[in-house]
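Notes for the one structure printed next.
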Amino acid sequence: MLATVNLGISFGKKKLFENVSVEFNQGNCYGLIGANGAGKSTLLKILSGDLDSTEGHVAKDKKTTISTLKQNQFEFDEFNVIDTIIMGDKAMYECYSERNRIYALPEMSEEDGMKVAQYEADYSEMDGYEREAMAASLLEELGISNEHHELKMSQLEANQKIKVLLGQALFGNPDVLLLDEPTNQLDFQTAMWLEEKILNYENTVIVVSHDRHFLNKVCTHIADVDFGQVKIFPGNYDFWKESSELSRKQHEEKNKKAEQKIKELEDFVRRFSANASKSKQATSRKKLINQLTPDELPESRRRTPFIQFKPNRKCGNKIVEANNISHSIDGEKVLNNVSFTIENGDKVVLTGSYSLSKTTLLKILSGELIPDEGSINWGETTTKTYFPKDNNQFFDTTEQLLDWLKNFNEEMDLQTLRGYLGRMLFSGDDALKSVNVLSGGEKARAMFARMMLLEGNVLLFDEPTDHLDLEAISSLNEGLIQFPEVMIMATNDIEILQTVPNRMIELSPKGYVDYSGEFNDFINHKTYQEKVALIS
């Protein structure tokens, strides 16, 4: 068991939470949720021992082992892939690395020989050789093939590094597994593999995630960080959401009835307080007013943007044709002879574990990049707007947010511009922030405001849910469902994959597979999955 006792954390005058006393029990998976900045990642760091609390303490048995998903992708760049996995078991890795160091010496002294003999005995006792094979098998399950195992971590793509770090966290089979955004940048196949891994995990899991499908699939409990507190509720994310919304609605209705009753009593007191025959009744009603004071609802940090994309015109029959698109980056092919025709009404998702292939195609479609080979032909009625994966170039300025947005429509009045920003939760002085100090989530919302203002009838998105909280992702999901025209997007959010697209194009450096239909049919379609396997 892992527990917190009167835990509190402050940064200067800012208090994230206080007096938090909760228990995390074996066999349960806890989804740690809350608005961006509520303190979820901070709480994980305190539980892991990487950060000291301001108040209270973490209670655990001395023998309890805790493993975390490392967030720094570059931390292990100088290590081999297989070694990085084995680091998940500290005792095994210490024995493994020291044994290998001695074997690598040009000459071995008698003392070295005695040491390595002891290391061999210890390694055998902890089933080291068998567990080395398990580490290799774990990498294979994560989609890291055998030829990558002896490579340096620096030689892997970003999404491959994340898979290795995920394997590292799992490898030691810790008593407590702490995962901060484990599905970020994971392809949907690996995310679904992780779901099954956690479902079968016998120890304690505490996970921060903005992936609603993931939280619904794996969580036995929800730990809600809000109102400066952490409260644990049984059930998955949807159950928590429905229960919390119902509870708040009941409180609001109770307060509304109380306010109405108070108004009636105040009217009576006002009319009859000076009337001698009614004075006792008036006094009695004054006392009743004091007893009916509505409960003050605490202010939640959760805020939901309103994301709605309205096209300025309907698309014609011709949307876009891609003809034999091939492209290489730094000598490595990322797109290979890709051809397709997008038709009116298509909502296309680009899938596949090679994120660079998807990003490159979206850059080519947006006009940001010219392909090495092939051509892109857009229809005359199309107006495309693009949400790039890396949006830093848009915010390399000290302009205020309101002025920044006006650059995209000089004729729009300030009140209308403020309306767009208000829907994205930039009200009042927030609209006057310098754009170069915006957080990742704020930049994403600013980009949505820009896209809504431009009113394109073809939307291009590259991983739009990165940096968003659960409320913003839900709003975006609904906005995508309601959009009546054409979109092409890359996303690994399974909820969006299951509710938005009607067509999938799987991409890899070896080729592509084009499938018309729903996501669940695509992943279960034997013929198409065999085609996908050929280009993986």
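The chain is numbered in sequence order, starting from 1. The analysis underlying the following values was restricted to heavy atoms, covering all of them including side chains, and did not include hydrogens, waters or symmetry mates.
No side-chain donor from either of H327 and E373 sits under 3.5 Å from a side-chain acceptor of the other. A donor-acceptor pair shorter than 3.5 Å cannot be found between the side chains of D493 and T491. Y512 and D514 form no side-chain donor-acceptor contact under 3.5 Å, judged by distance and modelled atom types alone. Between the side chains of T351 and E506, at least one donor-acceptor pair of N or O atoms lies under 3.5 Å. N477 and S474 share no donor-acceptor pair across their side chains, judged by distance under 3.5 Å alone.
Taking 4.5 Å as the limit, every side-chain heavy atom of Y528 sits out of range of all side-chain heavy atoms of D521. At a threshold of 4.5 Å between non-hydrogen side-chain atoms, the residues D211 and S209 count as touching. Between H148 and L156, the closest side-chain pair of non-hydrogen atoms falls below 4.5 Å. In this structure, the side chains of L507 and L361 come closer than 4.5 Å at one or more pairs of heavy atoms. Side-chain contact check for L453 versus L417: some heavy-atom pair is nearer than 4.5 Å. V81 places a side-chain heavy atom less than 4.5 Å from the side chain of L139. The closest side-chain heavy-atom distance from R212 to I496 is below 4.5 Å. Looking at heavy atoms from C-beta onward, L44 lies in side-chain contact with I206 at the 4.5 angstrom threshold.
Considering all non-hydrogen atoms of both residues, K40 and I33 come closest at CD-C, 3.4 Å. For the residue pair E140 and S145, the shortest heavy atom distance occurs at OE2-C, 3.8 Å. Nearest heavy-atom pair across L215 and G31 is CD2-CA, 4.0 Å. When every heavy atom of T499 is checked against every heavy atom of I481, the shortest pair comes out as O-CG1, 3.8 Å. Nearest heavy atom pair, residue Y354 against residue S508, reads CD1-CB, 3.6 Å. The two residues C29 and I198 come nearest to each other via the heavy atoms SG-CG2, 3.9 Å.
Among K231, R302, K241, the single residue meeting the salt bridge (Lys or Arg N to Asp or Glu O under 4.0 Å) criterion with D224 is R302. When M451, R450, M452 are each tested for a side-chain contact (heavy atoms from CB on, under 4.5 Å) with L454, only one passes: R450. Exactly one residue among I342, V458, V486, V320 makes a side-chain contact (heavy atoms from CB on, under 4.5 Å) with T382. That residue is V458.
Although no hydrogens or angles enter the test, the distance criterion places a donor-acceptor pair under 3.5 Å between the side chain of S244 and the main chain of W240. Side chain of D175 to backbone of T65: a donor-acceptor contact under 3.5 angstrom is found. Between the side chain of W378 and the main chain of L365, a donor-acceptor pair closer than 3.5 Å is present. Side-chain atoms of R445 come within 3.5 Å of backbone atoms of M424 as a donor-acceptor pair (strictly under, hydrogens ignored). Here the side chain of N457 pairs a donor or acceptor atom with the backbone of T383 at under 3.5 angstrom. S328 places no side-chain N or O within 3.5 Å of a backbone atom of G331 that could act as its donor or acceptor partner.
Atom CD of E202 is surrounded by 12 or fewer heavy atoms from other residues, nucleotides or ligands within 6.0 Å. With a 6.0 Å radius and a threshold of 12 heavy atoms from other residues, nucleotides or ligands, N392 has its CG atom above the threshold. Within 6.0 Å of atom CD in E332, 12 or fewer heavy atoms from other residues, nucleotides or ligands are found, so the atom counts as exposed in its surroundings. Environment of CG in N200: crowded, with over 12 heavy atoms of neighbouring residues, nucleotides or ligands closer than 6.0 Å. Around atom NZ of K310, no more than 12 heavy atoms belonging to other residues, nucleotides or ligands sit under 6.0 Å away. Atom NZ of K45 sits in a sparse spot, with 12 or fewer heavy atoms from other residues, nucleotides or ligands closer than 6.0 Å. More than 12 non-hydrogen atoms from other residues, nucleotides or ligands lie less than 6.0 angstrom from OH of Y129. In this structure, E518 places its CD atom where only 12 or fewer heavy-atom neighbours from other residues, nucleotides or ligands lie under 6.0 Å away.
Note: Y93 and F79 have perpendicular aromatic rings, judged against thresholds of 30 and 60 degrees for the angle between ring planes.
Look at K358 and D462 and you find no salt bridge, because none of the NZ, NE, NH1 or NH2 atoms lies under 4.0 Å from a carboxylate O. Classification of E455 and R313 as a salt-bridged pair fails, no side-chain N sitting under 4.0 Å from a carboxylate O. Under 4.0 Å is where a charged nitrogen must lie from a carboxylate oxygen, and between D469 and R303 no such pair does.
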Exercise. Please test E343 against K318 for salt bridge (Lys or Arg N to Asp or Glu O under 4.0 Å), starting from the C-alpha separation and ending with a verdict.
Key: CA-CA 6 Å; E343 300 177 347; K318 180 181 178 181; over 6 Å; no
Exercise. Test side chain to side chain donor-acceptor pair (under 3.5 Å) on H213 and E195 and set out the steps.
Key: CA-CA 10 Å; H213 182 276; E195 289 175 356; 2.8 Å; yes
Exercise. Take T190 and D187 through the test side chain to side chain donor-acceptor pair (under 3.5 Å) and record every step on the way to the result.
Key: CA-CA 6 Å; T190 308; D187 55 87; 3.0 Å; yes
Quiz item: Run the side chain to side chain contact (heavy atoms under 4.5 Å, CB included) check on I329 and L356 step by step: do they pass?
Solution: CA-CA 9 Å; I329 296 176; L356 196 53; 4.0 Å; yes
Quiz item: Given the rule in the side chain to side chain contact (heavy atoms under 4.5 Å, CB included) test, do H221 and N236 qualify, once you have shown the distances and angles that lead to the verdict?
Solution: CA-CA 6 Å; H221 295 74; N236 64 12; over 6 Å; no
Quiz item: Run the side chain to side chain donor-acceptor pair (under 3.5 Å) check on N344 and N317 step by step: do they pass?
Solution: CA-CA 6 Å; N344 201 330; N317 290 327; 4.8 Å; no
Quiz item: Yes or no on side chain to side chain contact (heavy atoms under 4.5 Å, CB included) for H210 and L468, after CA distance, side-chain angles and deciding distance?
Solution: CA-CA 8 Å; H210 293 145; L468 297 184; 6.0 Å; no
Quiz item: What do the steps show when you test N324 against N337 for side chain to side chain donor-acceptor pair (under 3.5 Å), and what is the final call?
Solution: CA-CA 4 Å; N324 307 117; N337 201 31; 3.0 Å; yes
Exercise. Run the numbers on M487 and V500 for side chain to side chain contact (heavy atoms under 4.5 Å, CB included), then give the verdict.
Key: CA-CA 10 Å; M487 70 176 67; V500 175; 3.8 Å; yes
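Judged by a 6.0 Å distance limit and a 45° cone about the ring axis, K217 is not positioned over the six-membered ring of F214. For the pair R503 and F519, the cation does not sit on the ring face, since its NZ or CZ is not both under 6.0 Å from the ring centre and inside 45° of the axis.
Aromatic rings from F387 and F448 are positioned such that their centres are separated by under 6.0 Å. Here W404 and F394 keep their ring centres 6.0 angstrom or further from each other. Less than 6.0 angstrom separates the ring centroid of H525 from the ring centroid of Y515.
Atom CD1 of I307 and atom CG of L476 lie 5.0 Å apart (nearest 0.5 Å). Between N80 atom CG and M87 atom CE the span is 9.0 Å, to the nearest 0.5 Å.
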